[in-house]
Number of protein chains: 2
Amino acid sequence: MSKIELDKTDRKILEILQSDGRLSNQDIAERVSLSPSPCLRRIKRLEEAGVIRQYVALLDPDKIGLGLLAYVNVRLEKHSEGSSGGRLPAHSPRTDFAQAVSTWPEVVACYAMTGEMDFLLRVHVEDMDHFSRFMMATLLRHPAVLDVKSSFALQRIKETTALPLV
Amino acid sequence: MSKIELDKTDRKILEILQSDGRLSNQDIAERVSLSPSPCLRRIKRLEEAGVIRQYVALLDPDKIGLGLLAYVNVRLEKHSEGSSGGRLPAHSPRTDFAQAVSTWPEVVACYAMTGEMDFLLRVHVEDMDHFSRFMMATLLRHPAVLDVKSSFALQRIKETTALPLV
DNA sequence: CGTGAAACATTAGCGGC
DNA sequence: GCCGCTAATGTTTCACG
């Protein structure tokens with residue numbers, strides 16, 4: 001569940017796989033100056049420990065017609081529970097909203113956040129038209145939503161899935 | 001550069017590769033009811049067209065000691081250019097800032113945004129201590145930065161790199 | 001689009017440091 | 001403990017029908 005011990009070679013392997021997840025074990029082995037079998041054993045160990053969570057292909061949003069990236073701050077209605085003490089209710093506005101979000105394909109990420117706004121959503125859509133349809137027909141129609149503030153990406157300065165290896 | 005024509009089979013392939021980027025061509029071929037060679041030809045075409053941008057391994061931030069995810073809104077100083085008309089200056093606060101951001105490993109994403117705040121940064125760090133060091137020693141020390149507002153992720157409701165295929 | 005064959009990659013077992 | 005060899009098995013890739 002928590003932190004894993006990584007030596008220099010492990011970090012090198014992770015760096016390589018974060019930048020090219022399809023390199024062959026042989027190539028990786030060569031780059032970390034190991035023979036294929038111990039290299040593969042390390043990779044397997046990292047996968048089983050959950051350090052490597054998944055291998056994926058990253059697509060270009062523009063090439064598949066998703067030209068607009070929005071970040072939407074959402075504030076939910078305050079639910080006055082009152083009665084049942086500190087217990088988490090099975091159907092709070094929060095859990096309802098979290099469940100709904102998971103089913104909306106436009107929303108690729110959603111975090112509960114500190115600060116005034118309760119949630120931050122990352123939304124990929126075709127254009128403003130699609131975005132406003134999503135807002136009117138889906139997000140603003142959800143009963144738990146109190147208000148929202150949207151911002152749109154004008155320019156991608158930096159964007160990587162590779163985490164810094166400390 | 002712009003949109004590419006995708007048929008049903010292409011979309012199926014992309015969906016599969018977005019969820020498992022290391023599946024063998026043979027497996028993919030089977031799942032889309034094709035034999036390996038036309039399947040490989042399609043994948044190669046999608047890679048060359050730039051629809052598939054990259055294959056990567058996704059790591060678990062907690063497992064490598066990056067327990068804190070922050071979103072930081074940054075506002076830059078207003079630069080009074082005045083003289084040189086509409087031309088983009090080679091050293092505006094904006095381009096300086098964009099270049100600096102690219103070199104900070106904690107910042108994994110940065111977008112220029114609409115709205116009051118000029119930039120949105122996604123920042124992965126170990127803990128609050130590391131975060132406040134990053135703020136004091138790096139972000140707030142940059143001459144172009146006017147002010148910042150930070151929020152922290154309390155809970156990951158949804159997080160995927162897979163884009164919805166329209 | 002599919003077949004087949006050569007080139008290449010993966011992976012388990014075993015011995016050595 | 002971790003490394004590297006070997007050998008069987010499986011995969012990719014391309015010319016050709």
Side-chain angles (χ1 to χ4, degrees), chain A residues 1-60 63-65 160-166, chain B residues 3-66 160-163 165-166:
Chain A
M1 269 280 144
S2 65
K3 231 177 127 176
I4 307 284
E5 273 310 314
L6 301 174
D7 69 10
K8 220 173 169 180
T9 307
D10 289 328
R11 280 195 289 274
K12 225 166 169 181
I13 291 173
L14 291 175
E15 222 141 63
I16 292 168
L17 283 173
Q18 284 196 108
S19 81
D20 185 349
R22 283 212 84 146
L23 273 186
S24 75
N25 180 49
Q26 285 193 153
D27 281 350
I28 300 166
E30 198 176 319
R31 296 200 199 184
V32 300
S33 313
L34 231 54
S35 66
S37 41
C39 183
L40 184 65
R41 281 193 285 260
R42 278 167 184 271
I43 294 172
K44 285 271 127 68
R45 192 185 125 250
L46 293 166
E47 289 170 2
E48 268 145 39
V51 177
I52 297 173
R53 247 197 339 188
Q54 205 186 356
Y55 295 94
V56 299
L58 301 179
L59 309 189
D60 183 329
K63 297 267 165 64
I64 56 171
T160 177
T161 56
L163 301 176
L165 290 168
V166 198
Chain B
K3 230 176 127 178
I4 306 285
E5 273 311 314
L6 303 173
D7 68 9
K8 222 173 169 183
T9 306
D10 290 327
R11 280 195 289 272
K12 227 167 170 180
I13 291 173
L14 291 174
E15 222 141 64
I16 293 168
L17 283 173
Q18 284 195 110
S19 80
D20 185 349
R22 285 211 82 146
L23 271 187
S24 76
N25 181 47
Q26 284 192 154
D27 281 351
I28 300 165
E30 199 176 318
R31 295 201 199 183
V32 300
S33 312
L34 232 55
S35 64
S37 46
C39 184
L40 184 65
R41 282 192 283 259
R42 278 167 185 269
I43 294 172
K44 285 270 128 67
R45 193 186 126 248
L46 293 166
E47 288 170 2
E48 268 145 39
V51 178
I52 297 173
R53 245 196 339 187
Q54 203 186 358
Y55 295 93
V56 299
L58 301 179
L59 308 189
D60 183 330
D62 295 336
K63 296 269 166 61
I64 57 171
L66 297 174
T160 179
T161 55
L163 301 175
L165 290 168
V166 199

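Numbers restart at 1 for each chain; the letters A, B, ... are given by sequence-line order, proteins then strands.
Straight-line distance from the CG atom of B/L40 to the P atom of C/dC8: 16 Å, rounded to whole Å. Distance, B/I43 CD1 to D/dT11 P: 14 Å, rounded to whole Å. Rounded to an integer number of Å, the gap from OH of B/Y55 to P of D/dT12 is 11 Å. The interatomic distance linking B/R41 (CZ) with D/dT13 (C1') rounds to 10 Å, in whole Å. Atoms NZ (A/K8) and C1' (D/dC2) sit 18 Å apart, rounded to a whole Å.
Annotation for B/N25 and B/C39: closest pair OD1-SG, 3.5 Å, computed over non-hydrogen atoms. A/I52 approaches B/A57 most closely through the heavy-atom pair CG2-CB, 4.2 Å. Heavy-atom minimum distance, A/G21 versus A/Y55: O-CD2, 3.7 Å.
A/D27 places none of its side-chain heavy atoms less than 4.5 Å from the side chain of A/I16. Side-chain contact between B/R22 and B/D20: present, with at least one pair of heavy atoms (C-beta onward) separated by less than 4.5 Å.
Between A/K44 and C/dT10, a side-chain N or O to OP1/OP2 separation shorter than 4.0 Å is absent. Proximity of A/R42 to the phosphate of D/dC3: a side-chain N or O atom is located under 4.0 Å from OP1 or OP2.
The main-chain N or O of A/P36 is never found under 3.5 Å from a side-chain atom of A/Q26 such that the two would form a donor-acceptor pair. Under the 3.5 Å distance criterion, the side-chain polar atoms of A/Q18 are matched with a main-chain donor or acceptor of A/L163.
Only A/S24, A/N25, A/Q26, listed by number, bring a heavy atom of residues 12-39 of chain A to less than 4.0 angstrom from any atom of DNA chain C.
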Candidate pair B/K44 and B/R41, rule side-chain contact (heavy atoms from CB on, under 4.5 Å), full reasoning:
CA-CA 5 Å; B/K44 285 270 128 67; B/R41 282 192 283 259; 5.7 Å; no
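A/R53 has no carboxylate O lying under 4.0 Å from a charged side-chain N of B/D62, or vice versa, which leaves the two without a salt bridge.
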Base-pair string, DNA chain D, Watson-Crick plus G-U, cut-off 3.5 Å on both distances, | for inter-strand, is ||||||||||||||||.
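In this structure, A/R45 reaches neither bases nor backbone, as no heavy-atom distance under 4.0 Å exists between it and the strands shown.
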